[in-house]
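The structure appears below as structure tokens.
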Amino acid sequence: MSAQLKISLPDGSMREMPVGSTPADVAAAIGPGLAKAALAARVDGELVDLSRPFTGDAKLALVTSRDEADALELARHDFAHILAEAVQALFPGTQITFGPSTDDGFYYDFAPKDRQFTEDDLPAIEAEMRKIIAADKPLRREVWSREQLISRWQQQGESFKAEWAAELPGDEDLTVYWSGEDWLDMCRGPHLPSTGKLDPAAFKLTRVSGAYWRGDQANAMLSRIYGTGWLNKKQLAEHLNRLEEAAKRDHRKLGAEMDLFHLQSEAHGSVFWHPKGYLIWRELEAYMRRRLDRAGYDEVKTPQVMDAKQWEQSGHWGKYRENMFVIPDAVPSTEDDGALVSSDADWMALKPMNCPAHILIFKQGIKSYRDLPMRMAEFGCCHRNEAHGALHGIMRVRQFTQDDAHIFVRPDQLVEEVKSFCDLLDLIYKDLGFADYTIKLALRPDQRFGSDEMWDWSEASLRDAVVATGRATAQFGWEELPGEGAFYAPKLEFHLTDAIGRKWQCGTLQTDTVLPERLDASYIGEDGEKHRPVMLHRAILGTFERFIGIMIEHYAGKLPVWLAPVQAVVATIVSDADDYARDVVRQLEAAGIRVEADLRNEKINYKVREHSLKKVPHMLVLGKREAEEGSVALRSMGAEHQKVMPLAEAIALLKAEATPPDRR
RNA sequence: GCCGCUUUAGCUCAGUCGGUAGAGCACAUCAUUCGUAAUGAUGGGGUCACAGGUUCGAAUCCUGUAAGCGGCACCA
């Protein structure tokens, strides 16, 4: 008797199939169209190869290109394999290592034989990949033992693969995938049935870069090739177009076009804020100051430079010195030859963070448990000598100003304080137009200060607080990141996304018991004894530099009126309207609007174009008609048509829009 | 810091085989007074990132340095 398997399909129907049959057989049984379109299968929810025999009765859903998420994942994974195969065909002796799919494509890391790859190599590799796709090579799964794998990789001189295989579990089925009969990679799968299922016009190799083997700086530098991969040519074109559009929002480009700031090599990693850029900063800072005042913070200002001895005591000199700018505490020599500074000068350092200084303020006088929580805020300018390759526009710089604060709390106040911080951050992010942000909890790293009990407690407090605010959810991308915490404390991280999808940490909150201990901060408890406060390091914007950079990209330069450096331009059509225009400007200025006049002898088309490119939110266009009527033609960014209205009405409208959100 | 690439006028970029630089925009002057995304003419403007080297001769070839860009690692 031949046993039959019961295979149930998504439409509720059931098919009996002989033992040993595969999802591909089911597809063929249903119809030739489906057999051709099927890419893979979900069997009892698990994504598997079409050719993988059923192991028992099962629920089957065939995956076609209409199941876009699964299909893209499969395609990108296959593109990565084909990339590896192509590179080995063109550059014999290149070792393969690892190549996953990414959000928009794939990459593969290679150990090149004699030189790193460059972008000039990409066209030839792409062509070779297309050959492999055109050959429609079947992708066949085989189960191997670990020993088989290791010996195969060793034989082929694939030392990275061999190292990796040696660490795979010995008691599980390990799989390899053959591409045709001549190339294989070890891989968990699943894969498409054959390379010909890929659209040769749906991928593009985009760039090369270095990447460390296993992500560790101590390891070999591999050569990584990135590609973007899709299901068809149209999707690829749309993606490339999105990238092009996103590049137009780049804060570095808009910063120059809108005359907000510049960077130059003599002060690399430090921003030259121009008047218009600094207006955004001032408006943002004023807003933050009002919010913090209302939330019970006390603002302070602390020294930019402190003696190295102080940094030794805080632990930064030992743990953080490579990122610090040090300054000799000496009068430089004015002689032309010889050392500028004598070698026995004492050292001082620019502050890389504000926390020690805030503890020093806390320690002045005696603090009672009644004084806590104490929220000490500072818009603190810090310097960190970052790795040069890390610098990025104004998002990652060497001089930056944090909206920093340290909250000294009793242990019993911790969770409540973290909750109010999360609420304050949420309020501020929404005011600034960021309803979407993600929250991560970075847990204890391997190298750390403090006891396990302390870490258990701090991590649980942060987790509990976020859970209590209802934000430990998928909507907020809630995720715990093992090993990512600071050496002294676990961290809540609040991330925002830039124009091309890169994530940036902005807000942060860390619970620190180490620094109060090292710098001997204490308060007198109800019991009359000294106790250690817990210190919360926290920032909402993170830094003004990064946050303004993110805002520029988020709004594509079209900032909300209250933040726009120039809120309105008064532009004349004919010089006969000049006097009226000057009067309009005066009245707008009196109403507190940041306004500029454009009385140049230029056509109105020219003026409209220029101010539109500068992202000025409102233009008040004045010709003879308006001058006679005392009206204005208001042309607003994003609106299709101008609106003619009495001047008083326009002023009221602009005034309302120019009001910061906390004053509405 | 590591891998790859780039650096020419204020900006965006051309510049072939090595023979001492060119466009558009911007700027200045003049004309034009015009109704919602570029009016026309004329003119000024460059140690070709920096330092060496090869060569009769270097923007161009070679070496080094710096900064920038894309990643990696690190991080707000």
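Letters A, B, ... mirror the listed sequences (proteins, then strands); counts begin at 1. Not measured: the values here are computed from a predicted model.
- B/G22 and B/U16 have their C1' atoms separated by 14 Å, with the value rounded to a whole Å.
- Put simply, CG on A/D579 and CG on A/L622 are 11.5 Å apart, with the number rounded to the nearest 0.5 Å.
- In this structure, A/G507 reaches neither bases nor backbone, as no heavy-atom distance under 4.0 Å exists between it and the strands shown.
- Among the protein residues, A/G549 comes within range of no part of the nucleic acid, since none of its heavy atoms lies under 4.0 Å from any strand.
- Remark: the A/H251 side chain and the A/E553 side chain contain an N/O donor-acceptor pair separated by less than 3.5 Å.
- Among the protein residues, A/A633 comes within range of the nucleic acid bases, having at least one heavy atom under 4.0 Å from a base atom.
- Scanning atom types as modelled, one donor and one acceptor separated by under 3.5 angstrom connect the side chain of A/E386 and the base of B/A76.
- In this structure, A/R224 satisfies the cation-pi test against A/Y107, with its NZ or CZ atom closer than 6.0 Å to the six-membered ring centre and inside 45 degrees of the ring normal.
- The side chain of A/R224 places no N or O atom within less than 4.0 Å of a non-bridging phosphate oxygen (OP1 or OP2) of B/C3.
- Atom OG1 of residue A/T543 and atom CZ of residue A/R396 lie 10.5 Å apart, to the nearest 0.5 angstrom.
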**OP:** Applying ring-ring contact (aromatic ring centres under 6.0 Å, His included), run through A/Y488 and A/H537 and close with a yes or a no.
**Re:** CA-CA 11 Å; A/Y488 52 86; A/H537 306 248; 5.3 Å; yes

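- Across all strands shown, A/K624 has heavy atoms under 4.0 Å from base atoms, whether or not it also approaches the sugar-phosphate.
- Rounding to the nearest 0.5 Å gives a distance of 7.0 Å between CD1 of A/I552 and CD1 of A/I548.
- A/K491 comes within contact range of the sugar-phosphate backbone alone, with a heavy-atom separation under 4.0 Å but no base atom that close.
- If you check every strand for non-hydrogen atoms under 4.0 Å, A/A539 touches nothing.
- The residues A/K607 and A/E610 are annotated as not salt-bridged, no charged nitrogen and carboxylate oxygen being separated by less than 4.0 angstrom.
- Using a 3.5 Å distance cut-off with no hydrogens or angles, the side chains of A/N354 and A/H406 do not pair a donor with an acceptor.
- No hydrogens or angles were tested; on distance alone, a donor-acceptor pair under 3.5 Å links the side chain of A/Y212 to the base of B/G1.
- Using a 4.0 Å heavy-atom distance criterion, A/S209 is classed as a base contact.
- Partner assigned to B/C13 is B/G22, using Watson-Crick or G-U wobble distances below 3.5 angstrom.
- Taking atom P in both B/C2 and B/G64, the straight-line distance is 13 Å, to the nearest Å.
- Listed candidates were B/C3, B/G4, B/C34. Nearest to the side chain of A/V574 is B/C34.
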Readout for nucleotides 37-50 of chain B: B = base within 4.0 Å of protein heavy atom, S = sugar-phosphate only, - = neither; 5' to 3' it is BBB-----------

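- Backbone-only engagement by A/Q505 is indicated by non-hydrogen atom pairs under 4.0 Å involving sugar-phosphate atoms exclusively.
- Judged by Watson-Crick or G-U wobble contacts below 3.5 Å, the nucleotide B/G35 has no partner.
- Nucleotide B/C2: paired with B/G71 (Watson-Crick or G-U wobble, both distances less than 3.5 Å).
- Shown here, B/C27 forms a base pair with B/G43; the pair counts as Watson-Crick or G-U wobble because both key distances fall under 3.5 Å.
- Side chain A/R207 to base B/C69: no donor-acceptor pair is found below 3.5 Å.
- Here B/C75 is the nucleotide among B/G1, B/C75, B/C5 with the atom lying nearest to any side-chain atom of A/R384.
- Contact annotation: side chain of A/E626 to base of B/G35, donor-acceptor pair present below 3.5 Å.
- The nucleotide whose nearest atom lies closest to any side-chain atom of A/R546 is, among B/C75, B/C72, B/C5, B/C75.
- For A/D598 and A/R600, the salt-bridge test passes: some basic side-chain N is under 4.0 Å from an acidic carboxylate O.
- The gap from the P atom of B/C62 to that of B/A58 amounts to 15 Å, rounded to the nearest Å.
- Distance check on atom P: B/G18 versus B/A9 gives 23 Å, rounded to whole Å.
- Using a 4.0 Å heavy-atom distance criterion, A/S223 is classed as making no nucleic acid contact.
- Side-chain atoms of A/R396 come within donor-acceptor range of the base of B/C75, with a qualifying N/O pair under 3.5 Å.
- Backbone-only contact: A/R502 has heavy atoms under 4.0 Å from sugar-phosphate atoms and none from a base.
- Within the 4.0 angstrom heavy-atom criterion, only backbone atoms of the sugar-phosphate kind lie near A/F117; the bases stay farther away.
- Here A/M619 lies out of heavy-atom contact (under 4.0 Å) with every strand.
- Taking atom C1' in both B/G44 and B/G52, the straight-line distance is 34 Å, to the nearest Å.
- Using atom P as the reference point in both B/U42 and B/A66, the two lie 47 Å apart (nearest Å).
- Comparing atom distances between the A/L391 side chain and each of B/A76, B/G68, B/A73 picks out B/G68 as nearest.
- Nucleotide B/A51: paired with B/U63 (Watson-Crick or G-U wobble, both distances less than 3.5 Å).
- Base engagement by A/H388 is indicated by at least one non-hydrogen atom pair under 4.0 Å involving a base atom.
- Among the heavy atoms of the strands lying under 4.0 Å from A/Y226 are primed sugar atoms or P, OP1, OP2 only; no base atom is included.
- OP1 or OP2 of B/G70 has at least one side-chain nitrogen or oxygen of A/H392 nearer than 4.0 Å.
- For A/R289 and A/E299, the salt-bridge test passes: some basic side-chain N is under 4.0 Å from an acidic carboxylate O.
- Rounded to whole Å, the C1' atom of B/U60 lies 13 Å from the corresponding atom of B/U55.
- Under the ring pair (Phe, Tyr, Trp, His ring centres under 6.0 Å) rule, A/W281 has a single partner from A/F544, A/F379, A/F400, A/Y287, which is A/F544.
- Contact annotation: A/R398 does not reach the phosphate of B/A76 (side-chain N/O to OP1 or OP2, under 4.0 Å).
- Spacing of P atoms, B/A14 relative to B/U7, comes out at 8 Å, to the nearest Å.
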